[in-house]
Amino acid sequence: MSTRTTTSRKSGAPRTANYRCAECGWTTAKWMGRCTQCQAWGSIEEVGGPTVGRTTAASRVASPARPITEVDATAAAYLRTGVDELDRVLGGGLVAGAVVLMAGEPGVGKSTLLLDVSAKLAGRGSDVLYVTGEESAAQVKLRAERIDAVADRLYLTAETDLGTALAHVEALDPRLLVIDSVQTLSSAEVDGVAGGVTQVREVAASLIAAAKKRNMTTLLVGHVTKDGSIAGPRLLEHLVDVVCQFDGERHSRLRLLRATKNRFGPTDEVGCFDLTEDGIEGLADPSGLFISRTREPVPGTCVTVTLEGRRPLVAEVQALLAPSTPGGTRRATSGLDASRVSMLLAVLQQRAGYAVGGDESYVATVGGVRLTEPAADLAVALALASAKRGEAVRRNMIAFGEVGLAGEVRPVPEIVRRIQEAARLGYTHAIVPAAPNGPIAAPPGVTVREVSSLNEALAVLYPGTAEGRTTEPAELH
């Protein structure tokens with residue numbers, strides 16, 4: 001395509017039209033369907049036009065600057081949503097004037113959760129406006145009745161025009177505004193279809209301006225792409241105050257909510273929810289979902305303690321080894337990183353002498369939980385060794401620690417806290433990495449075996465030459 005030229009009104013000289021990627025800012029002299037820098041499709045936009053002079057004249061100050069000690073912070077106090085797990089992720093609740101982006105795959109429970117939050121706030125006397133662009137008001141009402149989320153001060157409107165939605169905000173002046181979803185709204189003032197880069201940027205900027213002007217908390221539902229990233233321009237995540245990611249397997253009831261950006265609180269907290277036919281409920285103690293309920297120990301299983309944010313979760317790893325079939329050795333994983341499981345199989349064979357390289361391996365977690373923390377390495381390795389030997393790990397035992405290529409077991413964060421969580425659930429034995437600062441103070445009733453290598457951990461389960469350091473139960477200081 002040839003380069004377009006335009007004529008300046010002042011000089012009459014032709015100038016070359018420039019194009020810029022809305023995602024990464026890369027510029028080019030001609031339009032392209034795909035940015036060659038960040039590989040985003042449909043993000044190249046024209047940015048030509050007469051050069052605008054710099055602003056050098058000062059304007060009048062409407063509100064003078066004040067010392068930070070004189071600024072009243074009560075206007076930004078946390079407002080409890082009534083959903084404890086959501087408040088945990090947000091850092092205490094919703095902040096007046098804040099804009100929160102809630103992203104997740106279709107069917108994960110975003111709309112159900114926000115409808116429940118809207119009804120709880122409306123039931124406490126706050127006006128809430130719920131704008132839906134994907135369903136009719138009647139459809140939202142049916143879902144609200146099913147999950148018991150009906151309140152007199154919860155207002156519904158099915159609208160896809162940004163101007164009309166802002167008119168509803170002007171008329172109602174709600175304390176909470178919910179937009180479901182930001183990709184369905186479009187503005188008549190800019191070109192492009194709803195959900196496009198230009199439209200999403202304009203809609204988000206207008207809603208954020210309205211939220212800041214009215215000190216109105218705004219919750220935006222966002223779609224995600226095939227790779228799980230938030231659809232639309234990256235600028236959307238920069239403009240909002242909080243970005244939450246809602247995750248969960250389609251065939252599992254468990255849902256996890258994480259904050260990837262939070263201007264008002266931490267980003268290392270995780271909220272756990274149970275999605276049922278009657279709605280969505282917070283899980284203050286979700287560990288029971290990730291453990292199988294067998295009467296007798298089964299070979300190939302091992303329980304570990306992982307950290308989701310700052311929350312310890314007890315989860316079970318299951319492994320199955322079978323003779324390989326003609327056509328190649330198959331290795332399948334569910335809830336674990338496949339490359340890390342392959343690495344542990346190699347370490348188990350080369351460093352511990354277990355001939356597992358020629359076996360088909362199937363390793364999975366229980367309850368649909370995904371374990372991405374390296375602290376689950378030791379439990380995976382012990383489960384594989386148990387499956388190979390056909391001997392079960394003793395009941396009421398947990399194991400955690402990062403396993404290196406040399407077969408060493410490396411320390412992980414919050415060792416004592418993990419042991420305490422396991423003790424709370426009735427586990428009496430633990431295999432953990434050796435602490436660099438001396439023996440670990442074990443909770444009452446728990447025997448802790450500290451190991452520095454995978455061979456030592458295996459010797460604890462199946463007596464051999466190496467032995468781990470033993471810490472008898474003691475009071476925590």
Side-chain angles (χ1 to χ4, degrees), residues 22 25 52-103 114 117-118 120-122 124-129 153 162 165-179 182 200-222 230 232-245 257-271 309-311:
V52 180
R54 296 180 179 177
T55 301
T56 57
S59 58
R60 295 185 58 184
V61 176
S63 178
R66 292 179 294 167
I68 192 172
T69 55
E70 298 180 5
V71 176
D72 184 12
T74 57
Y78 286 112
L79 173 65
R80 292 284 181 177
T81 63
V83 180
D84 294 338
E85 291 299 298
L86 178 59
D87 290 338
R88 174 199 291 265
V89 175
L90 295 177
L94 296 171
V95 175
V99 180
V100 180
L101 177 62
M102 185 83 65
L114 295 189
V117 171
S118 300
K120 282 182 168 59
L121 287 179
R124 288 170 16 212
S126 299
D127 288 334
V128 179
L129 177 60
R153 304 189 71 168
L162 174 62
L166 292 176
H168 283 292
V169 173
E170 290 279 349
L172 185 60
D173 193 19
R175 187 172 186 180
L176 174 66
L177 172 65
V178 179
I179 303 294
V182 67
V200 171
R201 183 168 56 239
E202 175 66 19
V203 169
S206 300
L207 292 174
I208 291 172
K212 303 302 181 184
K213 177 182 178 182
R214 297 177 170 275
N215 208 28
M216 171 186 63
T217 304
T218 303
L219 300 177
L220 306 177
V221 175
I230 300 175
R234 193 74 178 183
L235 181 66
L236 177 61
E237 299 178 53
H238 291 289
L239 288 177
V240 299
D241 300 304
V242 183
V243 179
C244 292
Q245 192 79 25
L257 180 66
R258 298 178 176 88
T260 59
K261 171 188 175 181
N262 192 349
R263 290 174 177 166
F264 313 113
T267 57
D268 56 355
E269 283 286 6
V270 176
R310 289 184 290 182
R311 168 183 286 186

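Please read all numbers here as calculations on a predicted model, not as lab measurements.
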> How long is the span from the CZ atom in Arg214 to the CG atom in Asp173, to the nearest 0.5 Å?
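The CG atom of Asp173 is 5.0 Å from CZ of Arg214, to the nearest 0.5 Å.
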
> Please check this pair: side chain of Asp127 against backbone of Arg175, looking for a donor-acceptor N/O pair closer than 3.5 Å.
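Such a contact is absent between Asp127 side chain and Arg175 backbone.
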
> So which of Leu239, Asp241, Val243, Val242 actually passes side-chain contact (heavy atoms from CB on, under 4.5 Å) with Val99?
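Testing Val99 for a side-chain contact (heavy atoms from CB on, under 4.5 Å) against Leu239, Asp241, Val243, Val242 leaves exactly one candidate, Asp241.
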
> Got Val270 and Arg311 here, is their nearest side-chain heavy-atom distance under 4.5 Å?
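Answer no - side chains too far apart.
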
> Kindly indicate, with the supporting measurements, whether the criterion side chain to side chain contact (heavy atoms under 4.5 Å, CB included) is fulfilled by Met102 and Val117.
CA-CA 13 Å; Met102 185 83 65; Val117 171; over 6 Å; no

> So which heavy atom on Arg310 is nearest to which on Pro266, and how close?
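Shortest heavy-atom separation between Arg310 and Pro266 comes out as NH2-CG, 3.7 Å.
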
> Does a side-chain heavy-atom distance below 4.5 Å link Glu85 with Leu257?
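Side-chain contact under 4.5 Å: no.
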
> Do Ser126 and Arg153 have side chains that get closer than 4.5 Å, going by heavy atoms?
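Counting from C-beta outward, Ser126 and Arg153 never come under 4.5 Å.
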
> Answer yes or no: is there a side-chain heavy-atom contact under 4.5 Å between Val200 and Leu236?
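Yes; the side chains approach each other to less than 4.5 Å.
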
> Determine yes or no for a side-chain-to-main-chain donor-acceptor pair under 3.5 angstrom, with Lys261 supplying the side chain and His238 the backbone.
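Judged by distance alone, yes, a pair lies under 3.5 Å.
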
> Please step through side chain to side chain contact (heavy atoms under 4.5 Å, CB included) for the pair Leu220 and Leu177, ending with a clear verdict.
CA-CA 8 Å; Leu220 306 177; Leu177 172 65; over 6 Å; no

> Hey, are the side chains of Thr218 and Ile208 touching, using non-hydrogen atoms and a 4.5 Å cut-off?
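They are not in side-chain contact.
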
> Find out whether Leu219 and Leu176 are in side-chain contact, i.e. whether some heavy atom of one side chain is under 4.5 Å from a heavy atom of the other.
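In short, these two side chains touch, coming nearer than 4.5 Å.
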
> Quick check: do Leu79 and Leu121 have side-chain heavy atoms less than 4.5 Å from each other?
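Sidechains of Leu121 and Leu79: in contact.
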
> His168 versus Leu129: any side-chain heavy-atom pair under 4.5 Å?
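Contact flag for His168/Leu129 side chains = yes.
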
> When the side chains of residues 87-98 are checked against the rest of the protein, which donor-acceptor pairs come out under 3.5 Å, sequence neighbours left out?
residue: Asp87; atom: OD1; partner: Thr81; partner atom: N; Å: 3.2
residue: Asp87; atom: OD1; partner: Thr81; partner atom: OG1; Å: 2.8
residue: Asp87; atom: OD2; partner: Thr81; partner atom: N; Å: 3.4

